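Quick caveat: nothing in here was measured; it's all calculated off a predicted structure. Convention: sequence-line order gives letters A, B, ...; per-chain numbering from 1.
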Amino acid sequence: MSDVRVRFAPSPTGFVHIGSLRTALYNYLFAKKNNGTCVLRIEDTDQARFVEGAIENLIDTMEWPGISFDESIDNPGDYGPYKQSKRLDIYKKYVQQLMDEDKAYPCFATSEELEKMREEQIAAGQDPKYDGRYRDYPKDKAEQRMKTDQYVVRLKVPQTGETIVNDIVRGEVVFQNEVLDDQVILKSDGFPTYHLANVVDDHLMKITHVIRGEEWLPSTPKHVLLYQFFRWDLPQFAHLPLLLNEDRSKLSKRQGDVAVEDYRSKGFLPQALVNFVALIGWSPGDGTDQEIFSMEELIEAFSLERVNKAGAVFDISKLEWMNGYYIRTLDEGQLVEFLQPFLEDAGIDTSDKEKTAKICLAVQKRIEKATDVKTAAKIFINDVLEIDEKEALDILKEETARAVLETFLEKVNTLGHLDSDAFKPVMKEIQKEKGIKGPFLWKPVRVALTGAESGPDLPLVIDVFGKEKVCSFVQQALEKYV
RNA sequence: GGUCCCAUCGUCUAGGGGUCUAGGACACCGCCCUUUCACGGCGGCGACAGGGGUUCAAAUCCCCUUGGGACUACCA
């Protein structure tokens, strides 16, 4: 084991954002690549946002694509607890230290008071900012009020000088201290804010690399200040580019699915999602054009230096292509296992294992996600032939269509059993006898059986249908549409 | 508004001074394979935001402009 330690530190607010998945993945890949340790820490310092069952869901959702943690609530290491709400005493101790050293101070302003202050600043054309009203409040007075009044603790940010953030992805980023707020580090309910908790925990948990979303970059100087106040070594920072909506705003719920759970329930394969998400904001370089990566290959190829700076649009159509690609690589057993629940959801009886497998094979090359079976497999549950598409109807209107279908019906009726092996010779015979071939021969049969001009490979369809249904449908086509 | 980040085909990206008439993938279009439908194969369309520098030479380095984004809570 090298001493690389990284952490994925989500707040359990209900569902796992696809951007969180990528952050977790990059942390995981970086840890594995460097023989390091990947820690899962739950950032639940906001009581107002507590969601029942969120932590369990989070762990389950991360396991699904194969992201595992070396240390977590379930699997504690030497640096627990791994849940911030269980570390309150730790934070208090460090807040006290900061106050003792005059690097933090209590602030008795109420939320209403601050809100009013902000409004006045805006009205006066100023930039809203905490005005430091309790920054130099007399210590003895403050200590008295702390016994009775509600207060928060604020960081005493230096009013001059600059704070430099060194970032693996972005290089050196300089912030003037004067623009930094006196950040609240301890809330009036006794819980720390993210800023304090993540610094204390990262230090105590010996985190060497902080890999997180770019939205944290603006608050990083406050974190750096905290490290300096505590006289702790800084971790390395790597701020990842954001995942974007189509309109290039931060990927949000409003514009489509953002939860990993959504993609799971829509029938995306975990390996496809991992592969796709890895390639948003990172590429292997080295002149390779490789786009398909297993988790092992990603680990091998990954490096933070090759993470992109610019935000990236989450392009679902490419994800769908990639998922379709992975579906096509599944063997029969894997395919059936994957598709079966979705077939059931679509109202298809899967009790006949053999038939279910045939349906799966028939649709395999035609779907990009498992929920596509709903339309792709529709033809297998219809008992009555219905044709809506004009293109399909036109095919049955071809001069030769009637002859094809009538002959087909005659020949099939003489057969004891119809399957794909018996089907092909029948078509061959019709071709020879009637001199009709190609699309003119096959398409009328396709339309008669499936009601559409495109669908699964016909022999595969016939394997699923069997003689009786085939004859019934051709009969119906002749009666209703030819 | 302020602070910070970013900028190559519609999208994801390769490119880190000359090998770029800018490569790949998705999407789209066409052709081929296929006695059907797909899959697949081949090809086409399509970008260095603009302007200044630096340099013999810039997509690549610097500056400005423009554009986009994030942050600006007792949320993370």
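Remark: B/G40 base-pairs with B/C32. Criterion, Watson-Crick or G-U wobble with two distances under 3.5 Å. Under the Watson-Crick or G-U wobble criterion, with both distances below 3.5 Å, B/C20 is left unpaired in every strand shown. B/U3: Watson-Crick or G-U partner is B/A70, with both key distances under 3.5 Å. If you check B/C48 for Watson-Crick or wobble pairing at under 3.5 angstrom, you find it has no partner at all. Under the Watson-Crick or G-U wobble criterion, with both distances below 3.5 Å, B/U54 has no partner in any strand shown.
Atom CD of A/Q255 is separated from atom C1' of B/G69 by 13 Å (rounded to the nearest Å). Atom CH2 of A/W282 is separated from atom P of B/A14 by 10 Å (rounded to the nearest Å). Rounded to whole angstrom, the span from the CD1 atom of A/I292 across to the C1' atom of B/C26 amounts to 11 Å. Between the P atom of B/C4 and the CG atom of A/D127 lies a distance of 13 Å, rounded to the nearest Å. Residue A/K318 contributes atom NZ, which lies 13 Å from atom C1' of B/C9 at whole-angstrom precision.
For A/A312, taking side-chain heavy atoms from C-beta onward, the closest of the listed nucleotides B/C6, B/C12, B/G24 is B/C12.
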| remark: Scoring nucleotides 70-76 of chain B by protein non-hydrogen atoms under 4.0 Å (B base, S sugar-phosphate only, - none) yields SS-SBBB
| request: If a protein heavy atom is under 4.0 Å from the base, mark B; if only from the sugar-phosphate, S; if neither, -; do that for nucleotides 29-39 of chain B going 5' to 3'. | output: ------BBBBS
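The two atoms that bring A/Y130 and A/D182 nearest to each other are CD2-CB, 3.9 Å, heavy atoms only. Here the shortest heavy-atom pairing between A/G190 and A/K92 reads O-CE, 3.9 Å.
Between A/D131 and A/R133 there is a salt bridge, since at least one side-chain N of the basic residue sits less than 4.0 Å from a carboxylate O of the acidic one. Between A/E429 and A/K434 there is no salt bridge, since none of the side-chain N atoms of the basic residue sits less than 4.0 Å from a carboxylate O of the acidic one. Using a cutoff of 4.0 Å between basic side-chain nitrogens and carboxylate oxygens, A/D89 and A/K93 are not scored as salt-bridged. A salt bridge is defined here as a Lys NZ or Arg NE, NH1 or NH2 lying under 4.0 Å from an Asp or Glu carboxylate O, and A/R41 with A/E43 meets this definition.
When the side-chain nitrogen and oxygen atoms of A/N308 are compared with OP1 and OP2 of B/A14, one or more of them lie within a distance under 4.0 Å.
For the pairing with A/Y82, the side-chain contact (heavy atoms from CB on, under 4.5 Å) check across A/D201, A/I42, A/I73, A/L40 returns one residue only, A/I73.
A/F302 and A/Y26 have their aromatic ring centers within a separation under 6.0 angstrom. Close placement of the A/Y263 and A/F314 rings is indicated, their centers lying within 6.0 Å of each other.
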